[in-house]
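Reading through the structure tokens given below for one structure.
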Amino acid sequence: MHPLLRMTMQRLALGLLTLFAISLFIFLAIELLPGDLTEEILGQSATPETVAAFRRELGLDQPAHLRYLDWLGGALMGDFGTSLANGREIGELLAARFGNTLFLAAYAAAISVPLALSLGLLAALYRGSWFDRFVNVATLSSISFPEYFVAYILLLFLSVKWGLFPSIADFGSGADLGTMLYRTFLPALTLVLVVTAHMMRMTRAAIINLLAQPYIEMARLKGASPARVILRHALPNALSPIINVVALNLAYLITGVVIVEVVFVFPGLGQLMVDSVAKRDIPVVQAACLIFAGIYILLNLAADLLAIATNPRLMHRK
Amino acid sequence: MTLTDIKTAPPTAWFGIVVIALYILVALFAPLIAPFGETEIVGMEFEPWGGAYPLGTDNLGRDVVSRLIWGTRNSLGIALATTALAFGAGATLGLLAAVTGGWVDQILSRLVDMLIAIPALLFALLLLSIYGTGIVNLVIVIAVIEATRVFRLARAVAMDVVVMDYVEAARLRGEGRGWLMRREILPNAAAPLIAEFGLRFCFVFLAISALSFLGLGIQPPTADLGSMVRDNAALITFGDITPLLPAAAIALLTVSINFVVDWVLHRASGLKD
Amino acid sequence: MTDPLLTIRDLRIEGRQGRSWTPIVKGVDLELKRGEILGLIGESGAGKSTLGLAAMGYARDGTRISGGSIDFDGQDLMALSERRRRGLRGRRIAYVAQSAVANFNPAHRLIRQFSEAPTEIHRIRDRDEAEAEGRALYARMRLPNPGEIGFRYPHQVSGGQLQRAMTAMAMSCRPDLIIFDEPTTALDVTTQIEVLAAIRDAVREFGTSAIYITHDLAVVAQMADRIKILRHGMEVEEQPTRAMLAAPREDYSKSLWAVRSHEAAARPAPAEGETPVLRLSKVSAEYVRGTRVLHDVSFDIPRGRTVAVVGESGSGKSTTARVLTGLLPLSTGRVELDGAPLPDRLAGRSKDQLRQIQMIYQMADTALNPKQTIREIIGRPLRFYLGLRGAAQEARIRELLDAIELDPDSYIDRLPGALSGGQKQRIGIARALAAEPRLIVCDEVTSALDQLVADGILRLLRRLQEERGLSYMFITHDLATVRAIADHVVVMQNGEVVEQGPRDEMFAPPHHPYTETLLASVPQMDADWLDTALARRGEN
């Protein structure tokens, strides 16, 4: 087999294996619960009949490995069972919310990725300047802020005080793209502020780490300008860490939006998850976790493959 | 880090050090400083700023200043305990994996790879939904999550040290694992680990306050900065900034820690060159 | 054409140390005519690389040119704008660095890096022209397959070939001056000779001026018209090459010459039938199952004698050391310590067996724990093996420091960071001695040190050997070191012993063909050596 193909297959297999391990973990976490889930959820006062009915509904009367296979098999077909809280199909419940979350993530990513990369490159190019220092302090602060702090500040000024944008990011169904972009501007902006700082710092660091390399000095000694040194000589070698941090932040945009969704009452997957945790609607939480983990692994896989594709050492063997 | 180093620190680091010291003082002496008790209801709900209650009262009529002071003490203490727990476990296992290698390293590393593949917040939400909310569960869950990150760093740092000839020399001498970890590797891995402690503390602090903000972390009536934001969030829509105060208190501390860590890391890398 | 191409007057360069600046180059003058090659010689820290870069108007981060003038072809480099200086770099003054592997950008193909300066940076040729020129220069540098090699990435090309490709790259704009900064130091001797020949021919062909920086006198003797010796950032002396070789004037220069001819007195062979301290019998080993890196290696290390294991990188000499120290288990064969079989794994050896074999490393920097004081470093084996503690331990540490010629009072509480390279190496020796071993494995212990310092270490090792009846296994690639210390020589190639015998026999013909190549590739202090050696190669 071609070594490149083999490497790709290896990554793919590893991704699947991780996903499988996580599904097992998500499932087993409940098994490790001291005592019985039904008692935990229904409370001590539940009648034996309700408990029995509840157990049947959850399939708790079957052995664990059968339940696991059943659950995993269902999940693969998109059937996650029904919600404990309202009895609705979890698959349906998730589908609509998931679309919203993806929309918000894509919105934030479209702004933050190009912004972060260009700011990172500029900061590396003008390292040590006032611009670099300012960006350093600003991004460090932005990373350290709790997301709801950023969110509420934006909400306070852009919505409450100046009335520029709506504070509740619910666009209903059938809204056109412009309306959607406008109504979700505040949550998207919050996310942009949070992830841009991280990506930008990592881009700058990845480039600066390479500047002590002898081949960078060689480029300077060939007469290359500072911009050429950064863009042509450092950047191609910094791609792997940059791709990784972008993937990490994209994953965060999808999985970490919980707080932003709560602040702006955005009907996404995160909001649903928080509600379900509060209600201890465990099947929903499990399903959401599995989907999020799948996306997370997929993004990491994509980053891995992209990093291989941009590495001449791996693409062109000896 | 000597006194002269601190004297040459940039203003941001100075700012950080002073702020951190203030927080520690407030946390330690909260019972002396706070004008009212932690859960004491002193007046009407949402009283305005000024008078006996400089920052007004909260949704249950408790003094906001006192709640801030108690909240700082609680949030800080819980976050510190969690970080210490995460660090003890993560760093020990990380060093052990690096020194031992072989299947011990393989098993630990693969396990950590798997746990890290679950996004941290989800991981916490999943476990909290199953085991229920509460301070002990919260501390354990966050500590496990953070320990995986600490493990990775500690292992990576230790790996850089393990390949050094002086470690090989100690191995050839016949030294045991304990000596290698404590005497040969740990002193040389200390600087990045200390910086990491600062960063991890920030993550823990933010994670706990985020969960509390969502109502899934520290439960009432215990005062805590995250849940204070949640309790009073409704005021924002009236243009009242009271709910931003606890959030700002969190931000100020994490920014300060980051400033100090940034300086420490910068200094360490500068010395290497 | 008689006016000089490059004139440097009273050049001063400083390096930042914390918050202050300390001088690196302290007022050096230099003059270079067109077509001339100047050799710059000096030990590490002499300021020769810094001076070489300054000739391009370039100062590394953390250094600054603080005084003097650099005049290149009528332009004062210091007075030019940075943009104008960039216009000269790569186009009229080019640079060839020590490690080609590190100096080629791993992300781009060789030909692209070759044509970057003429096409993209200085815009004096179009791409087709530049690439055709590249192929021609690759051919001139005797690179195999010059039409195709440019399309490879750096990691696909060997070190010796990369070094030649870098010289070709430096010539891509046909510069007036090339700075060669130790271009062959990282190469094996048999590769070095080819690169030297290729560089010299190309420079002569185009009449390029060059500054050739090296610490190796014999190498610079082949390349330079004139030699300038630097020490501590100052000039020691400058003479035409042949005059310098024949009669160095200054004491420092003379001492450099003397070190090269240092040779240990021959000692009688060990008595017939005496049990050797260590015996390797038909030892084979592998890192990955199925691919052997050592094949049937057998040799003895007699009591009180030094066995030098010689070979180029990849010859298996360091692997042999790993096997006998127990880091790499052997696949077949046996190792005997004092006639008794030695367990092949580290974990299987007794404390006493561990104590008998000690090791000294190449890089003294990484061999000492930077967080332990000298007292802790030397004290640990005393306590671990001999159970010494308290006052007895302290007394022994001081005794050992005396033995390695370091003053106990001023060194015992220092950290390794406060020592020079040679001093660190001495501490490494003391740590090995503390265990009271029978055998010390010395892995390239002098190759990272300057010649004078290395010579001191070799003399110390020799003296300690005579006082304490130690045996050494001395791993080295440097035949001058072999001459200076060995009683017995083992030559290795590709994991096999190709020849072994007493030192004086090994240096006298007849040789095994590989030993012959090795000996013939070592540059000699003779300006005609390269020509003679190449001619001799041509005959064979």
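Residue numbers begin at 1 in each chain, while the letters A, B, ... track the order of the sequences.
- Note: A:Tyr148 leads A:Tyr148, A:Phe145, A:Phe292, A:Tyr296 in heavy-atom pairs under 4.5 Å with chain B.
- By the neighbour-count criterion of 12 heavy atoms within 6.0 Å, atom CZ of A:Phe165 is densely surrounded, having more than that number from other residues, nucleotides or ligands.
- The part of B:Leu127 that comes within reach of chain A is its side chain, from C-beta onward, which places non-hydrogen atoms under 4.5 angstrom from that chain.
- Residues of residues 214-226 of chain B lying under 4.5 angstrom from chain A, judged on non-hydrogen atoms, are B:Leu214, B:Leu216, B:Gly226 in numerical order.
- Listed by first then second residue, pairs satisfying salt bridge (charged side-chain N to carboxylate O under 4.0 Å, His left out) with a partner in residues 129-152 of chain A read A:Asp132-A:Arg204, not counting sequence neighbours.
- Heavy atoms of B:Asn258 lying under 4.5 Å from chain A belong to its backbone as well as its side chain.
- Both the backbone and the side chain of B:Ile236 come within contact range of chain A, each with at least one heavy atom under 4.5 Å from a heavy atom of that chain.
- Using a 4.5 Å cut-off between heavy atoms, B:Ile241 touches chain A through its side chain atoms alone.
- For A:Ile153, the parts sitting under 4.5 Å from any heavy atom of chain B are the backbone and the side chain alike.
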Does the side-chain contact (heavy atoms from CB on, under 4.5 Å) test come out yes or no for A:Leu14 and B:Arg110, once each step is laid out?
-> CA-CA 11 Å; A:Leu14 195 69; B:Arg110 292 297 83 75; 5.6 Å; no
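- Using a 4.5 Å cut-off on side-chain heavy atoms (C-beta onward), A:Phe149 and B:Ile250 make no contact.
- For B:Leu115, the part lying under 4.5 angstrom from a heavy atom of chain A is the side chain only.
- With a 4.5 angstrom heavy-atom cutoff, B:Leu121 touches chain A only via side-chain atoms.
- Rounded to the nearest 0.5 Å, atoms CZ (B:Phe203) and OG (A:Ser144) are 9.5 Å apart.
- Contact check for A:Val160 versus B:Phe238: no side-chain heavy atoms found under the 4.5 Å cut-off.
- A:Asn136 touches chain B through its side chain: at least one heavy atom from C-beta onward sits under 4.5 Å away, while N, CA, C and O do not.
- For residues 200-209 of chain B, the pairs satisfying salt bridge (charged side-chain N to carboxylate O under 4.0 Å, His left out) are B:Glu146-B:Arg200, B:Glu196-B:Arg200, with sequence neighbours left out.
- Atom OG of A:Ser276 is separated from atom CG of B:Leu125 by 10.0 Å, given to the nearest 0.5 angstrom.
- More than 12 heavy atoms of other shown residues, nucleotides or ligands fall within 6.0 angstrom of atom CZ in A:Phe131.
- Both the backbone and the side chain of B:Ala248 come within contact range of chain A, with heavy atoms under 4.5 Å apart.
- No side-chain heavy atom of B:Val255 sits less than 4.5 Å from a side-chain heavy atom of A:Leu140.
- Residue contact with chain A, scored on non-hydrogen atoms closer than 4.5 Å, involves the side chain of B:Thr12 exclusively.
- Looking only at heavy-atom pairs under 4.5 Å with chain A, the residue among B:Ala247, B:Ala120, B:Ala233 that has the most is B:Ala247.
- Between A:Thr18 and B:Asp113, the closest side-chain pair of non-hydrogen atoms is not below 4.5 Å.
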Contacts under 3.5 angstrom, residues 256-263 of chain A side chains, donor-acceptor by atom type, not counting sequence neighbours:
unit_1   : atom_1 : unit_2   : atom_2 : d
A:Glu261 : OE1    : A:Gly270 : N      : 2.8
A:Glu261 : OE1    : A:Gln271 : N      : 2.8
A:Glu261 : OE2    : A:Thr101 : OG1    : 3.1

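- Looking at heavy atoms from C-beta onward, A:Phe25 lies in side-chain contact with B:Phe123 at the 4.5 angstrom threshold.
- Of all heavy-atom pairs between B:Gly239 and A:Leu156, the closest is CA-CD1, 3.8 Å.
- For chain B, no part of A:Leu19 is nearby; none of its heavy atoms comes within less than 4.5 Å.
- Within the 4.5 angstrom heavy-atom criterion, atoms from both the backbone and the side chain of A:Ile22 approach chain B.
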